[in-house]
Protein chains: 2
Amino acid sequence: MPADMQATAANDLVSPDRREEVLAAAAECFMRRGYEATSMDDVADALGATKGRVYHHFRSKPELFFEVFRRAIFILIREAGVHETGPGHAADRLRRMARAHILCMMETQAFQRNLTLGVDLYRFGETSAEHKATLEDLMNLRRGYEDAFRRTFAAGAADGSMKALDPSLAMRTLLGAINWVAVWYSPRPGETRAHREKLAEEIVVQVLGGYLA
Amino acid sequence: MPADMQATAANDLVSPDRREEVLAAAAECFMRRGYEATSMDDVADALGATKGRVYHHFRSKPELFFEVFRRAIFILIREAGVHETGPGHAADRLRRMARAHILCMMETQAFQRNLTLGVDLYRFGETSAEHKATLEDLMNLRRGYEDAFRRTFAAGAADGSMKALDPSLAMRTLLGAINWVAVWYSPRPGETRAHREKLAEEIVVQVLGGYLA
DNA sequence: ACGCGAACATACTCGGCAGTATGTCCTCGC
DNA sequence: GCGAGGACATACTGCCGAGTATGTTCGCGT
């Protein structure tokens with residue numbers, strides 16, 4: 001019934017970010033079933049809509065995924081990356097970065113899981129030149145974010161707040177541990193922000209212990 | 001040309017584990033493109049064969065994947081899990097387990113990556129009762145392997161060789177860090193076993209540092 | 001009050017992929 | 001030397017999913 005649907009849409013006032021809803025639904029679907037297994041109809045169903053709506057906002061399935069990916073990195077940079085330039089020793093800054101990163105994994109899980117998927121798509125996927133280029137951009141964004149951790153490890157060795165380890169390797173093991181949160185974490189019913197912050201704190205203590213001076 | 005192919009097959013003597021080749025090719029393909037994106041023809045192509053061969057050894061695509069998954073866990077249990085019962089403090093045993101685990105990630109990467117894929121398939125996939133049951137079995141195997149780490153963390157708190165942290169959380173952060181190796185690691189040309197062992201050792205030192213007493 | 005475009009829905013096409021049915025060859029036991 | 005079965009290849013079918021073409025409705029500017 002098109003008439004019903006249109007009426008409903010009309011009730012949503014000016015609909016500021018109907019596009020955003022599609023993006024969130026896509027992130028959820030991609031996380032649950034994976035990129036290839038998710039059909040555009042799946043995304044539409046999750047919205048109680050049809051493909052028409054999805055294709056109205058996004059040109060193709062790859063571009064939809066790219067937007068999810070981009071959003072995921074932007075969130076990480078905004079929430080965690082900013083702490084690179086902050087007060088205190090490198091160890092303190094790294095603590096804040098890791099803490100924020102973990103909270104992102106828990107609270108925007110659907111988007112963050114797709115970050116890992118995207119990396120695989122980049123390494124092995126056979127995409128057409130057009131997409132290859134935008135994928136390259138996205139990978140650079142990701143690399144830039146990782147570099148913030150690498151630099152902070154190096155800074156920690158310099159200011160004496162952390163052990164002098166290979167910064168690249170340290171970055172990888174640290175990010176591995178905290179990225180993995182998005183894999184196993186699933187929110188308890190009735191869980192509050194305070195709970196998540198406490199959990200994040202615990203993880204930070206365990207994970208960073210090995211790098212401190 | 002069937003004649004040619006058959007002749008070639010004949011040259012392979014009694015073909016002890018032609019099935020094994022299919023399994024390895026499948027693991028490689030699943031890792032590269034993901035489960036859904038991989039077609040049975042892809043697997044066949046990787047072997048220079050056709051679907052006929054694949055379906056001769058495996059009933060269906062899910063069962064093929066399950067076998068890859070099962071193989072991955074068996075390798076981990078055989079190489080790393082066995083060190084749970086060994087000499088020394090819990091910290092020493094955990095070190096050996098982690099070290100072996102990391103080496104598995106590097107040397108049987110194709111199989112190990114699919115372990116992660118399988119977990120997602122389990123959590124969200126819509127499989128028919130038959131498959132759901134075998135998936136359940138596989139998950140129990142995996143859980144059992146993880147429990148070895150959990151128990152060793154608890155043992156470490158008991159024998160004083162490690163900090164008294166939540167063993168479940170510690171297991172997750174540790175496995176996260178070392179599972180991630182399979183994500184970023186890619187073998188350098190001309191790399192020897194010795195190189196990998198050194199790298200594994202470095203990772204173990206960094207990662208376990210936070211848990212030691 | 002009217003036309004225009006945004007925001008969808010509906011109804012198709014068409015290629016690719018899982019699975020099957022059947023044929024072919026080689027080997028091994030007898 | 002011959003019949004049976006293992007180990008594939010070839011040739012299909014049927015469906016599912018990406019993308020497209022074409023309505024349809026509503027709000028908005030004029």
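Each chain gets a letter, A, B and so on, in the order its sequence line appears, and its residues count up from 1.
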To the nearest Å, how far apart are [X] [atom1] and [N] [atom2]?
X	N	atom1	atom2	answer
B:Arg53	C:dT22	CZ	P	24 Å
A:Arg19	C:dA6	CZ	P	14 Å
B:Glu36	D:dG17	CD	P	10 Å
A:His56	C:dT10	NE2	P	16 Å
A:Arg18	D:dC26	CZ	C1'	13 Å
B:Met40	C:dT20	CE	P	11 Å
B:Asp41	C:dG19	CG	C1'	11 Å
B:Phe65	C:dC17	CZ	P	19 Å

Can you list everything that forms a ring pair (Phe, Tyr, Trp, His ring centres under 6.0 Å) with B:His131? Sequence neighbours excluded, please.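 In terms of ring pair (Phe, Tyr, Trp, His ring centres under 6.0 Å), with neighbours along the sequence ignored, B:His131 is linked to B:Phe66.
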
Test ring pair (Phe, Tyr, Trp, His ring centres under 6.0 Å) applied to A:Phe69 - qualifying residues, sequence neighbours left out: none

Residue whose closest nucleotide on DNA chain D lies nearer the 5' end, A:Gly52 versus A:Asp42: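 By nearest-heavy-atom nucleotide position, the 5'-most residue is A:Asp42.
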
The residue, B:Lys51 or A:Lys61, whose nearest nucleotide of DNA chain D is more 5′ is B:Lys51

Proximal nucleotide (of D:dA18, C:dC8, C:dC17) relative to the A:Tyr55 side chain: D:dA18

Measuring from the side chain of B:Thr50 (C-beta onward, heavy atoms only), which nucleotide among C:dA9, D:dT10, D:dG19 has the closest atom? D:dT10

Aromatic ring pairing A:His101/A:Tyr145, orientation class (parallel under 30°, perpendicular over 60°, tilted between):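 Geometry flag for A:Tyr145 against A:His101: parallel rings.
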
Closer than 4.0 Å, any side-chain N/O of B:His57 to the OP1 or OP2 of D:dG6? no

Charged N-O contact under 4.0 Å between A:Glu36 and B:Arg33: no

